[in-house]
Amino acid sequence: MYDTVVRNGTVVTPERAFEGDVGVRDGAIAAVGAPRSLSGETVVDATGLTVFPGFVDSHVHVNLSLGEFTTNDSFADATAAAARGGTTTIVPFAIPDEGESPLAAFERRREEADGSAYVDYGLHGCATRADDRTLAELPDLIDRGAASVKVFTVYRDRLMLTHGEIRDVLEAVAAGGGLCLVHAEDEAIIAHLIERLRRRGETDYSVHAATRPAVSETTAMWAVADLVEETGCPTLLVHVSAGRAGTVLESARDRRLPLLAETCPHYLALTEELYDRSDGEKYVCSPPLRDGTSRDALWSMLEDGLVQTVNSDHCGYDAAQKRRHRDDVTRVPNGLPGVETRSAVLYSEGVATGRLSPTAFVRLTSTNVARMLGLYPRKGTVAVGADADLVLFDPDAEWTVDGSALRQASDYSPFDGREVRGRPVTTLVRGRPVVEGGDLVGAPDHGTFLPTSGADAPDLFSGWHRP
Ligand code: URP
Ligand code: ZN
Ligand code: ZN
Ligand code: ZN
C-alpha cells in the first residue's frame with residue numbers, strides 16, 4: 001500500500017515510455033509497476049495521460065532588477081506559475097546588486113525564497129566582477145550549493161565581464177568543481193551597431209535584431225569555447241539563438257570540450273518579423289528572435305544533441321514596462337515571460353509535430369539540466385528512489401495561449417494567440433499535489449532549497465571527465 005499511486009498512465013523516462021503505475025511513499029517514488037498493479041491510499045487516475053518527471057527550468061529570473069525596471073514576480077508567483085507549467089524545480093539567479101558580493105546575493109536570495117516557494121528551487125551564483133574578493137568567494141559559493149556561476153559578456157557597467165575577467169572566473173569555478181553559465185554576445189559589435197543606427201535616427205525597438213546580429217553571438221561563443229579549452233571549466237552557453245552557433249558547438253564537440261548549450265522556446269517558435277509589429281517591443285529579449293533559418297537550425301541542434309536543454313529565460317515584465325521606452329531600444333527591458341508555457345510550447349512544436357520523441361522531450365526539459373547541476377537522479381527521471389515529482393500531461397489538449405489568463409507575472413505572453421497541443425494537468429512535488437486539474441492547490445512553503453553540485457556527465461560533456 002503506497003501513500004499515492006498515479007495509475008495507468010503512459011510513463012516517460014529519459015530512456016523509454018511504457019504503460020504503468022507509479023507508487024509514492026514518503027515523497028519519493030517507491031515503485032513503478034504494470035498498469036493497475038499498485039494500490040494506494042490516494043489514487044490519481046492517469047488514464048489517457050502522459051506521466052513525465054517534473055520539469056526542471058534552470059533559467060528563470062525572479063524579481064529581476066536591471067536598471068529602471070523590475071520584473072513583477074516573487075518566488076511564490078514564479079513557483080506557482082512554474083507548477084502550472086509542470087515545472088517542479090526552478091533555478092533562478094542570485095545576481096548581486098551594485099557593490100554586493102556573489103555570496104551576499106546568494107544569501108539574500110535564499111532568505112527571499114525560503115518558505116515562499118510552491119516547488120523546489122536551486123540558485124545560480126553570478127560573478128559580475130572579477131576582483132580578488134569575488135574570485136576568493138567562488139569556492140565557498142559552490143560549496144554552499146550554488147555550483148553554477150553565471151557571467152555576462154554584455155550589459156556594460158552592470159553585469160559585463162571582459163574576456164580576461166571571464167578567464168579568471170572560469171579558472172576559479174573549475175578549481176572549485178562548479179559549472180559556469182555564460183551569456184555570450186559581443187558587446188563591442190552591439191554598441192557599434194546601435195551607435196551607427198542612432199546616427200541615422202533609427203533608435204526604436206524595431207531595430208533590436210539588427211543591433212544584435214548572429215555574428216555578435218557567435219563571436220562571443222568562439223571566445224568562450226577557447227577559454228573553456230584553456231581553463232577546463234565545464235560551461236553552459238545559455239539562451240543560444242543563432243543557427244550559426246551550430247558551427248561553434250560542433251567544433252567544441254570535435255575538440256572534446258565540456259561546453260554545453262541551452263536554448264529557449266521563443267527561439268524555437270518565434271521569429272524576428274515580430275519586431276515589425278506595432279507592439280514589437282513585447283518581443284525584445286537578448287539575444288533577439290532570429291530568422292526562420294536560425295529557428296530551423298536550432299531544432300536540428302536539439303536533434304543532434306548539440307543543444308542539450310531548453311529553459312524559459314522567464315522575465316516577468318508586463319506590456320506597459322516593455323512599452324515605456326519603445327522609442328529607445330536600449331531602454332526596453334530585455335526578456336520574455338515564459339516559465340508557465342515552456343513545456344506546452346516545446347511539446348506542441350516538438351513532440352506533437354514529430355520532431356522530438358517523448359523521451360528526448362524529457363531529456364530536454366528535465367534530465368539533462370538535472371544532470372548538469374548534480375540534481376539527477378533525485379530530479380529528472382521517474383525511477384524508484386527519485387523524488388515523486390510527477391506531471392500528468394494531457395497530450396491531446398488543444399488550447400490557445402492567452403497571457404492574461406496565466407499565473408505568470410505578466411499581462412501578456414509572447415505566444416499569445418498560438419494554438420498549442422498538449423498541456424500539464426496535475427503536478428506533484430515530492431508526492432504532494434501542487435496543481436490539480438490546472439488549479440493551484442499547493443502551499444507556498446512546500447518548496448525546498450536544492451543545493452547543486454558540479455556533476456560529472458561525460459556523455460553530455462563530449463566525453464570529457466571532471467578531474
Ligand atoms: O533578454 C534577456 N534574456 N533578459 C534576461 C537577462 C538575461 O540576459 O538572461
Ligand atoms: Zn542572459
Ligand atoms: Zn536570462
Ligand atoms: Zn568521470
Side-chain angles (χ1 to χ4, degrees), residues 57-73 78 82 90-97 105 109 122-128 148-161 166 169 179-187 190 194 205 208-209 211-212 216-217 220-221 224 235-242 245 260-268 270 272 274-275 280-290 307 309-318 321-322 325-326 329-339 342 369 408-410 412-414:
D57 192 337
S58 84
H59 198 149
V60 179
H61 296 280
V62 178
N63 198 6
L64 171 70
S65 191
L66 277 186
E68 186 176 343
F69 298 100
T70 302
T71 58
N72 296 303
D73 39 15
I90 65 169
V91 190
F93 298 88
I95 300 180
D97 283 338
R109 285 290 182 178
L123 284 169
H124 300 295
C126 284
T128 54
S148 44
V149 178
K150 187 175 183 190
V151 298
F152 296 82
T153 62
V154 286
Y155 306 120
R156 196 194 293 266
D157 302 328
R158 179 68 178 87
L159 306 176
M160 184 180 107
L161 298 185
I166 288 173
V169 172
L179 172 79
C180 216
L181 270 52
V182 184
H183 176 137
E185 289 184 287
D186 187 273
E187 176 78 20
I190 296 165
I194 288 174
Y205 67 87
H208 181 59
T211 62
R212 307 179 92 101
S216 68
E217 194 176 348
M221 286 179 68
V224 171
T235 296
L236 173 66
L237 289 161
V238 296
H239 51 46
V240 168
S241 70
L260 302 156
E262 165 200 88
T263 191
C264 312
H266 40 281
Y267 301 122
L268 293 164
L270 304 176
E272 62 192 2
L274 289 164
Y275 298 122
E281 75 278 353
K282 287 201 293 202
Y283 305 94
V284 169
C285 56
S286 293
L289 303 177
R290 303 205 181 275
V307 172
T309 182
V310 179
N311 298 295
S312 66
D313 197 4
H314 169 79
C315 292
Y317 296 113
D318 58 34
Q321 290 173 312
K322 302 290 275 189
H325 300 299
R326 64 205 295 276
V329 67
T330 65
R331 293 178 72 190
V332 180
N334 279 218
L336 310 178
V339 70
R342 176 182 66 130
V369 81
Q408 63 187 16
S410 180
Y412 81 100
S413 161

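Counting starts at 1 for both ligands and their atoms, following the listed order. Here the structure is a predicted model, which is why all the values come from computation and not from measurement. All residue numbers refer to positions in the sequence shown, counting from 1.
Below 4.0 Å from some heavy atom of C285 lie the following atoms of ligand 1, by number and element: 1 (O). Close approach of ligand 1 to C315 is summarised as follows: ligand atoms under 4.0 Å from at least one heavy atom of the residue are 4 (N), 5 (C). Ligand-side atoms of ligand 1 in range of H183: 7 (C), 8 (O), range being under 4.0 angstrom from any heavy atom. Distances below 4.0 Å separate heavy atoms of H61 from the following atoms of ligand 1: 5 (C), 6 (C), 7 (C), 9 (O). Distances below 4.0 Å separate heavy atoms of K150 from the following atoms of ligand 1: 7 (C), 9 (O).
Taking the Zn ion (ligand 3) as reference, D313 places its N/O/S atom OD1 nearest.
For atom 4 (N) of ligand 1, the closest heavy atom belonging to the protein is N334 O, 3.2 Å. Of all protein heavy atoms, the one closest to atom 1 (O) of ligand 1 is S286 N, 2.7 Å. Protein heavy atom at the shortest distance from atom 3 (N) of ligand 1 is D313 OD2, 2.7 Å.
A side-chain donor-acceptor contact under 3.5 Å links T71 to the backbone of N63. Looking only at distances, no side-chain donor or acceptor of Y283 sits under 3.5 Å from a matching main-chain atom of L270. A donor-acceptor pair under 3.5 Å links the side-chain atoms of E217 to the main chain of S241, judged by distance alone.
Applying side chain to side chain contact (heavy atoms under 4.5 Å, CB included) to S58 and the options I90, V91, V238 leaves one that passes, V91.
No heavy atom of H314 sits closer than 4.0 Å to any atom of ligand 1. Using a non-hydrogen distance threshold of 4.0 Å, Y155 registers as a contact of ligand 1.
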ring-ring contact (aromatic ring centres under 6.0 Å, His included) assessment of Y155 paired with H183: CA-CA 10 Å; Y155 306 120; H183 176 137; 5.5 Å; yes
Residues E185, R212; criterion salt bridge (charged side-chain N to carboxylate O under 4.0 Å, His left out); working and verdict: CA-CA 8 Å; E185 289 184 287; R212 307 179 92 101; 2.9 Å; yes
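The residues E272 and R290 are annotated as not salt-bridged, no charged nitrogen and carboxylate oxygen being separated by less than 4.0 angstrom.
In summary, an N, O or S atom of H61 is located under 2.8 Å from the Zn ion (ligand 3). For residue H183, no N/O/S atom approaches the Zn ion (ligand 3) to within less than 2.8 Å.
Using a 4.5 Å heavy-atom cutoff, the side chains of V154 and I190 are in contact.
In summary, the aromatic rings of H59 and F93 are positioned with their centroids under 6.0 Å apart.
Between G335 and ligand 1, an N or O atom pair is found at a separation short of 3.5 Å.
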